[in-house]
Amino acid sequence: MKQDILTSIFTRLRPALSAKAGSVLRGNEADVMDALQDAFCRLWRNRSEISDESHAKAASYVAVKSAAIDLLRRRREYVDPENLTETPCESESDSSSDLFDEINAIIERELSDRDRQVLLMRDRHGFEIDAIAYRLDISEANVRIILSRARKKVREIYLNRKTDRQ
């Protein structure tokens with residue numbers, strides 16, 4: 001019965017959901033269709049949690065918006081530090097390379113193994129939050145907390161060192 005609620009609500013709201021995804025994805029029709037499909041798949045996996053029509057409607061809007069945002073994030077290119085030469089880009093100065101090396105050193109020396117792993121999986125290798133949670137067998141909320149704390153720690157250590165040098 002819950003599958004019928006989800007399917008009927010999602011089908012009925014499809015034009016509005018397409019518009020929602022289109023506003024995030026700037027009208028790219030192929031991406032809009034991908035976002036709708038991803039959203040429905042996410043909802044389908046959690047269909048047992050959908051209690052009624054209003055819940056299905058709200059969950060559909062949230063899932064479509066999240067899927068569209070995730071699609072935008074996946075477009076971003078990630079740099080693998082192992083493939084970098086001495087300078088990350090010819091147009092950048094040596095200070096960029098030094099900054100990269102300094103941040104890398106902070107990550108390697110100052111973060112715990114788990115914090116380092118979460119930070120690198122997300123920021124360097126582009127893993128989604130749910131994929132990190134699955135691989136490390138922790139909750140998505142925990143991944144977000146670890147990621148936030150790791151970034152904050154790296155930022156604070158870097159700024160403290162920068163202040164000490166001045």
Side-chain angles (χ1 to χ4, degrees), residues 2-3 5-7 9-11 13-51 55-84 88-89 96 99-158:
K2 290 182 182 180
Q3 295 101 312
I5 291 172
L6 175 62
T7 305
I9 294 295
F10 199 88
T11 303
L13 294 176
R14 189 174 181 87
L17 295 172
S18 292
K20 182 68 171 174
S23 69
V24 173
L25 296 167
R26 295 172 202 70
N28 184 329
E29 190 61 33
D31 287 345
V32 168
M33 298 308 290
D34 287 344
L36 288 176
Q37 184 176 7
D38 288 348
F40 188 78
C41 289
R42 289 178 189 180
L43 289 168
W44 190 258
R45 276 183 252 139
N46 298 317
R47 65 189 177 272
S48 62
E49 298 173 14
I50 295 176
S51 56
H55 185 211
K57 183 178 177 181
S60 295
Y61 278 105
V62 170
V64 166
K65 182 179 177 186
S66 296
I69 291 169
D70 288 347
L71 193 60
L72 284 177
R73 287 180 179 156
R74 282 194 301 266
R75 286 186 190 155
R76 188 176 61 181
E77 290 189 26
Y78 295 93
V79 177
D80 185 357
E82 295 173 10
N83 293 333
L84 288 176
C89 180
S96 297
L99 175 62
F100 181 83
D101 292 341
E102 186 173 356
I103 297 297
N104 233 10
I106 292 170
I107 291 169
E108 291 300 319
R109 290 188 197 124
E110 303 293 335
L111 295 181
S112 69
D113 288 338
R114 182 190 64 181
D115 292 1
R116 182 180 325 105
Q117 191 174 17
V118 168
L119 182 69
L120 293 177
M121 286 174 80
R122 178 69 177 155
D123 291 345
R124 295 255 173 90
H125 303 295
F127 283 80
E128 297 295 329
I129 298 292
D130 59 342
I132 297 170
Y134 177 78
R135 283 191 175 204
L136 300 180
D137 196 29
I138 57 178
S139 71
E140 290 181 28
N142 199 10
V143 170
R144 287 185 180 88
I145 290 169
I146 292 167
L147 188 58
S148 175
R149 288 179 182 165
R151 287 174 176 161
K152 181 179 178 183
K153 186 172 185 177
V154 169
R155 184 173 43 252
E156 287 174 351
I157 292 170
Y158 173 75

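Just so you know, residue 1 is the first one in the sequence shown, and it goes up from there. Values in this document were obtained by computation on a predicted structure and should not be read as measured data.
A distance-only check finds a donor-acceptor pair linking the side chain of Arg47 to the backbone of Trp44 [under 3.5 Å]. The backbone N or O of Tyr61 lies less than 3.5 Å from no partner atom in the side chain of Lys20, so there is not a single donor-acceptor pair.
Side-chain contact check for Arg149 versus Asp115: every heavy-atom pair is 4.5 Å or farther apart. Using a 4.5 Å heavy-atom cutoff, the side chains of Asp38 and Asp70 are not in contact. Counting heavy atoms from C-beta on, the side chains of Leu147 and Ile129 come closer than 4.5 Å. In this structure, Arg116 and Asp113 have side chains that are in contact, with non-hydrogen atoms separated by less than 4.5 Å.
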Would you please test Arg109 and Ile157 for side-chain contact (heavy atoms from CB on, under 4.5 Å) and show each step? CA-CA 11 Å; Arg109 290 188 197 124; Ile157 292 170; over 6 Å; no
Does the side-chain contact (heavy atoms from CB on, under 4.5 Å) test come out yes or no for Glu156 and Lys152, once each step is laid out? CA-CA 6 Å; Glu156 287 174 351; Lys152 181 179 178 183; 3.0 Å; yes
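Nearest heavy-atom pair, Ala68 versus Leu25, reported as atom, atom and distance to 0.1 Å: O-CD2, 3.5 Å. Annotation for Ser18 and Leu36: closest pair OG-CD1, 3.1 Å, computed over non-hydrogen atoms. Taking every heavy atom of both residues into account, Ile9 and Ser60 meet most closely at CG2-OG, 4.4 Å.
In this structure, Arg122 CZ and Ile146 CD1 are separated by 14.0 Å, a value rounded to the nearest 0.5 Å. Rounding to the nearest 0.5 Å places OG of Ser48 at 7.0 Å from CG of Asn46. Rounded to the nearest 0.5 angstrom, Leu111 CG and Lys153 NZ are separated by 6.0 Å. We find the CD-OG distance between Gln117 and Ser112 to be 9.5 Å, quoted to the nearest 0.5 Å.
Under the rule for a side-chain contact (heavy atoms from CB on, under 4.5 Å), the partners of Tyr158 that lie at least two apart in sequence or sit in another chain are Leu99, Glu102, Ile103, Ile106, Lys162, Arg165. A search for side-chain contact (heavy atoms from CB on, under 4.5 Å) contacts involving Ala63 returns Ala39, Leu43, not counting sequence neighbours.
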Per-pair distances, 0.1 Å, donor-acceptor, side chain in residues 135-144, under 3.5 Å, sequence neighbours excluded:
unit_1 : atom_1 : unit_2 : atom_2 : d
Ser139 : OG     : Asn142 : N      : 3.0

